Amino acid sequence: MRRLIALLLPCLVPALVWAGAQQYEPMSASVQAALSGAIADRKPPASSFKDYSEAVDWLSAMSPRLARRIPDQEYRLELLRAIHYEATRAGLDPQLVLGLIQVESGFRKYAVSSAGARGYMQVMPFWLKLIGQPDDNLFHMRTNLRYGCTILRHYLDIEKGDLFRALGRYNGSLGQSGYPNLVRGAWNQWRYERQLAMGEPASPKP
């Protein structure tokens with residue numbers, strides 16, 4: 001029986017995520033233009049780390065925590081770099097974005113919710129018409145992260161920095177505590193403090 005449970009467990013994990021659905025809300029032309037500009041900036045991504053050692057420390061801390069979900073080290077590091085870049089670009093904590101992805105999709109690139117939300121950050125397709133291009137692929141790693149981080153930043157701005165309400169909007173569950181509390185709990189699992197004393201590299205917290 002234990003062996004059977006162990007074999008079935010990986011199949012059951014996706015059911016534990018809380019994929020939601022952002023709700024369409026009318027927005028002013030200026031806000032729509034600003035969000036469209038944020039999405040459309042296709043400049044080649046530069047490093048979002050201050051220096052090489054910071055990149056090594058952060059990736060060394062985050063990568064082992066993600067290894068069980070994404071065994072391919074090369075792809076895992078590419079994803080982590082992309083998350084750090086898009087989160088930093090949007091003025092978000094990269095660890096918060098990691099927590100949100102964990103709750104929304106369980107780090108499944110091709111996840112689709114019952115409402116039709118897609119990809120790592122479970123972005124609803126209506127955003128393509130609203131602020132993007134119809135042919136944007138929400139299953140493309142950087143495209144999905146760009147949309148997701150831009151949308152979360154938008155909700156934070158609407159809610160004047162209130163993360164609880166912004167997360168509720170992101171998940172389509174505004175006013176309910178379940179989803180924001182889950183993301184906060186997952187965010188805590190990804191907490192990171194760089195250790196600078198004696199030049200020692202940072203190590204992940206348990």
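In this text, all values refer to a predicted model and were calculated from it rather than measured experimentally. Counting begins at 1 with the first residue of the sequence.
- Using cut-offs of 30° and 60° for the angle between ring planes, the Trp190 and Phe107 rings count as tilted.
- Counting all heavy atoms, side chain and backbone alike, Gly99 lies closest to Ala186 at O-CB, 3.5 Å.
- Follow the hydrophobic side-chain contacts under 4.5 Å out from Tyr110 and you reach Val112 in the same cluster.
- Residues Pro94 and Ala87 come closest through the heavy atom pair CA-CB, 3.7 Å.
- Taking each heavy atom of Gln122 and Ala111 in turn, the nearest pair found is NE2-O, 3.1 Å.
- Heavy-atom minimum distance, Gly116 versus Pro125: O-CD, 3.4 Å.
- Looking at heavy atoms from C-beta onward, Leu163 lies in side-chain contact with Leu96 at the 4.5 angstrom threshold.
- The CG atom of Leu156 lies 5.0 Å from the CG atom of Leu152; values are rounded to the nearest 0.5 Å.
- Put simply, the side chain of Arg146 reaches to within 4.5 Å of the side chain of Tyr85, judged on heavy atoms.
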From CA spacing to verdict: side-chain contact (heavy atoms from CB on, under 4.5 Å), Tyr75, Lys109
CA-CA 11 Å; Tyr75 184 80; Lys109 180 177 181 179; 3.4 Å; yes
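- With rounding to the nearest 0.5 angstrom, the CG atom of Leu92 is 11.5 Å from the NE2 atom of His84.
- Counting only N and O atoms by type, the side chains of Glu104 and Asn171 include a donor and acceptor under 3.5 Å apart.
- Annotation: side chain of Tyr179 is in contact with side chain of Leu100 (closest heavy-atom distance under 4.5 Å).
- Between Asn137 and Asn144 the shortest side-chain heavy-atom distance does not fall below 4.5 Å.
- The line from CG of Leu98 to CD1 of Ile83 is 4.5 Å long, rounded to the nearest 0.5 Å.
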Kindly determine whether Tyr170 and Val183 satisfy side-chain contact (heavy atoms from CB on, under 4.5 Å), including the steps that lead there.
CA-CA 11 Å; Tyr170 191 94; Val183 173; over 6 Å; no
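- Residue pairs that meet the salt bridge (charged side-chain N to carboxylate O under 4.0 Å, His left out) test with at least one member in residues 163-189, sequence neighbours left out, are Glu25-Arg169, Glu159-Arg165, Glu159-Arg169.
- Side chains of Leu35 and Ile151 form no contact here, defined as non-hydrogen atoms less than 4.5 Å apart.
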For a side-chain contact (heavy atoms from CB on, under 4.5 Å) check, start with the C-alpha distance between Asp57 and Glu54, then their side-chain angles and the critical distance, and finish with the verdict.
CA-CA 5 Å; Asp57 288 350; Glu54 181 186 57; 5.8 Å; no
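- Note: Ile101 CD1 to Leu145 CG = 5.5 Å, rounded to the nearest 0.5 Å.
- If you take CE on Met62 and OG on Ser60, they are separated by 10.0 Å, rounding to the nearest 0.5 Å.
- Note that OG of Ser63 and CZ of Arg76 are 3.5 Å apart. Values are rounded to the nearest 0.5 Å.
- Scanning for side chain to side chain donor-acceptor pair (under 3.5 Å) contacts around Arg118 gives an empty result, with sequence neighbours left out.
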Starting from the C-alpha separation in whole Å, work towards a yes-or-no answer on side-chain contact (heavy atoms from CB on, under 4.5 Å) for Val97 and Met121.
CA-CA 9 Å; Val97 175; Met121 296 190 73; 4.0 Å; yes
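- Comment: Arg153 engages Asp157 in a salt bridge, judged by a side-chain N to carboxylate O separation of less than 4.0 angstrom.
- Note: the hydrophobic cluster containing Phe164 does not contain Leu182 (ILVMFWY, side chain heavy atoms under 4.5 Å, direct or indirect links).
- Hydrophobic clustering (side-chain heavy atoms under 4.5 Å, transitive across Ile, Leu, Val, Met, Phe, Trp, Tyr) keeps Tyr192 apart from Val56.
- In the hydrophobic clustering of ILVMFWY residues, with side-chain heavy atoms under 4.5 Å counting as a link, Leu174 and Leu167 come out apart.
- Trp127 and Asp136 form no side-chain donor-acceptor contact under 3.5 Å, judged by distance and modelled atom types alone.
- The closest side-chain heavy-atom distance from Thr88 to Phe49 is not below 4.5 Å.
- Remark: the Gln189 side chain and the Gln95 side chain contain no N/O donor-acceptor pair separated by less than 3.5 Å.
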